[in-house]
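Structure first, commentary second.
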Amino acid sequence: RFSDGKVLALKVANVEKAPEARELLRREAQLMERLDHPKIARMFEAGESLEGDPFIAMELLEGQTLEQLLISETVLDLPRVAQICLDVAEAVHHAHECGILHRDIKPSNIMLVRENGKETAVVFDFGISLELGEDGSSNDESSSGSLLYASPEQLSEENCSYNTDVYQLALVMFEALTGRLPFEISISGALAYRRGGPVLLSNEELGPQALTANIRKVLEDALDRNPQKRTRNMSSFMEELQNALSQPG
């Protein structure tokens, strides 16, 4: 709690259990200092406690994560999912403009905050984020985050770029619309999905959660296994999604 009464969330590194946590938290703090966006959780301070434990003091977000919402509601309607994804895309686009790749976009890292009757999605946890080079890519081979939402290039330890985050957000969008991921929820299922087969389940397989042709195209473009053919960045993803929403069918 700050002197002005503001309550903050503390992220503390457990150096005893994970010696590398000190450097990871320090790097996260350095990257977050660049960010200033209403849809990204704000960092107020970073340092070490009196006991020597590294910490980041962050904005305390009041709401529920998208993961928590999907546990209770399973499937969300298209307008709500689209707005959540546009919020996340806007936030991550800002991070990209600041030279930062999130790399861990998943429902548990998206907080849904409601204020004055309006729901806003806020992105947090830049714990495995990377600094992007001038060409918009990074060849860092450190942790790839959650296996379920990792892109093919993350799993194969190849260069990541802006559309690595696009891929992850598209998986989140598909899950929120259909109540499932497009593969069996297992290590073997996730790996097999990245290697081949249909990018999305057919509407016959999805049944009541069938996708419109416009939304299916947006997701297929964003989930292309080849980064060179995939939707290139968050700006393009937002434009394609908004165009799909404005067209019938």
Side-chain angles (χ1 to χ4, degrees), residues 37-40 66 69-70 73-98 100-107 109-113 117-123 132 135-137 149 151-153 160-183 193-194 197-249:
H37 194 277
K39 294 172 185 175
I40 295 177
L66 179 57
L69 178 61
L70 292 177
E73 297 195 22
T74 309
V75 174
L76 307 180
D77 61 63
L78 176 57
R80 189 176 187 186
V81 172
Q83 188 56 57
I84 289 171
C85 290
L86 289 170
D87 284 348
V88 172
E90 182 185 329
V92 176
H93 175 64
H94 170 75
H96 291 173
E97 289 187 317
C98 295
I100 299 169
L101 189 68
H102 190 285
R103 279 205 316 166
D104 200 19
I105 298 172
K106 56 188 177 182
N109 285 341
I110 300 169
M111 183 69 75
L112 304 177
V113 179
K118 184 179 184 299
E119 181 179 76
T120 301
V122 179
V123 178
L132 292 167
D135 63 349
S137 68
Y149 299 93
S151 67
E153 61 270 21
C160 293
S161 188
Y162 301 124
N163 61 8
T164 297
D165 285 345
V166 171
Y167 183 96
Q168 293 186 323
L169 181 55
L171 278 181
V172 170
M173 182 174 176
F174 179 85
E175 181 180 11
L177 287 173
T178 67
R180 58 176 296 176
L181 286 166
F183 49 84
Y193 176 73
R194 270 68 177 184
V199 170
L200 296 179
L201 301 172
S202 69
N203 277 347
E204 288 71 23
E205 292 173 289
L206 291 175
Q209 278 70 54
L211 302 169
T212 66
N214 294 336
I215 295 300
R216 178 174 288 273
K217 180 66 165 58
V218 171
L219 291 174
E220 287 177 339
D221 289 348
L223 289 171
D224 197 301
R225 294 181 179 89
N226 183 346
Q228 301 302 316
K229 298 179 180 178
R230 189 185 305 154
T231 305
R232 66 183 184 276
N233 54 40
M234 281 298 179
S235 180
S236 295
F237 177 80
M238 287 188 284
E239 182 179 354
E240 289 182 27
L241 178 53
Q242 288 168 328
N243 286 341
L245 295 170
S246 68
Q247 297 171 7

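If you read the sequence from its start, that first residue is 1, and numbering goes on from there.
Residues Leu211 and Phe174 form a side-chain contact, since some pair of their non-hydrogen atoms from C-beta on lies under 4.5 Å apart. Under the 4.5 Å side-chain criterion, counting only non-hydrogen atoms from C-beta, Leu245 is in contact with Ile215. By the 4.5 Å heavy-atom criterion applied to side chains, Arg232 and Phe237 are not counted as neighbours. At a threshold of 4.5 Å between non-hydrogen side-chain atoms, the residues His93 and Met238 count as touching. The side-chain heavy atoms of Met173 and Leu241, taken from C-beta on, include a pair separated by under 4.5 Å. The side-chain heavy atoms of Asn214 and Val218, taken from C-beta on, include no pair separated by under 4.5 Å. A 4.5 Å side-chain heavy-atom check between Leu201 and Arg180 finds at least one atom pair inside the cut-off. Side-chain contact check for Pro182 versus Val199: every heavy-atom pair is 4.5 Å or farther apart.
Counted within 6.0 Å of CZ on Arg216, heavy atoms from surrounding residues, nucleotides or ligands total more than 12; the atom is thus considered enclosed. Heavy atoms from other residues, nucleotides or ligands lying under 6.0 Å from NZ of Lys118 number more than 12.
The salt bridge (charged side-chain N to carboxylate O under 4.0 Å, His left out) analysis of residues 75-98, with sequence neighbours excluded, yields the pairs Lys39-Asp87, Lys39-Glu90, Glu73-Arg80, Arg80-Glu119.
Looking at residues two or more places apart in sequence or on another chain, you find no side chain to side chain donor-acceptor pair (under 3.5 Å) involving Asn163. The side chain to side chain donor-acceptor pair (under 3.5 Å) search around Thr178 returns none, not counting sequence neighbours.
The cationic atom of Arg225 (NZ for Lys, CZ for Arg) does not lie both less than 6.0 Å from the six-membered ring centre of Tyr167 and within 45° of the ring axis.
In this structure, Tyr149 and Ile105 approach most closely via the heavy-atom pair CB-O, 3.8 Å. When all heavy atoms of Leu171 and Leu181 are compared, the pair lying nearest together is O-CD2, 3.8 Å. Between Cys160 and Leu101, the shortest heavy-atom contact is CB-CD2, 3.5 Å. Considering every non-hydrogen atom in both Ala121 and Ile84, the closest pair reads CB-O, 3.8 Å.
In the model, Thr164 has a side-chain atom that pairs as donor or acceptor with a side-chain atom of Glu153 under 3.5 Å. Using modelled atom types and a 3.5 Å distance limit, the side chains of Ser236 and Glu239 yield no donor-acceptor pair.
Of the inter-residue distances, the one linking Leu86 atom CG with Gln242 atom CD reads 5.0 Å to the nearest 0.5 angstrom. With rounding to the nearest 0.5 angstrom, the CD atom of Gln247 is 11.0 Å from the NZ atom of Lys217. Once rounded to the nearest 0.5 Å, the distance linking OG1 of Thr74 with CD of Gln209 reads 9.0 Å. Expressed to the nearest 0.5 Å, how far CE of Met234 lies from NE2 of His96 amounts to 5.5 Å. Distance CG/Leu177 to SG/Cys85: 7.0 Å, rounded to 0.5 Å.
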Next item on the list: Could you go through the side chain to side chain contact (heavy atoms under 4.5 Å, CB included) check for Leu112 and Leu66 one step at a time?
Entry: CA-CA 6 Å; Leu112 304 177; Leu66 179 57; 4.2 Å; yes

Notebook entry, point to check: So Val172 and Ile110, side chain to side chain contact (heavy atoms under 4.5 Å, CB included) or not? Walk me through it.
Noted result: CA-CA 10 Å; Val172 170; Ile110 300 169; 4.1 Å; yes

Next item on the list: Check the pair Val122, Val88 against side chain to side chain contact (heavy atoms under 4.5 Å, CB included), reporting the backbone distance first and the verdict last.
Entry: CA-CA 7 Å; Val122 179; Val88 172; over 6 Å; no

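Between the side chain of Asn109 and the backbone N or O of Asp104 there is at least one donor-acceptor pair closer than 3.5 Å. Under a 3.5 Å cut-off, the side chain of Asp165 and the backbone N or O of Arg103 do form a donor-acceptor pair.
Of the residues listed (Asp221, Leu223, Leu219, Leu169), the one engaging Thr231 in a side chain to side chain contact (heavy atoms under 4.5 Å, CB included) is Asp221, and it is the only one.
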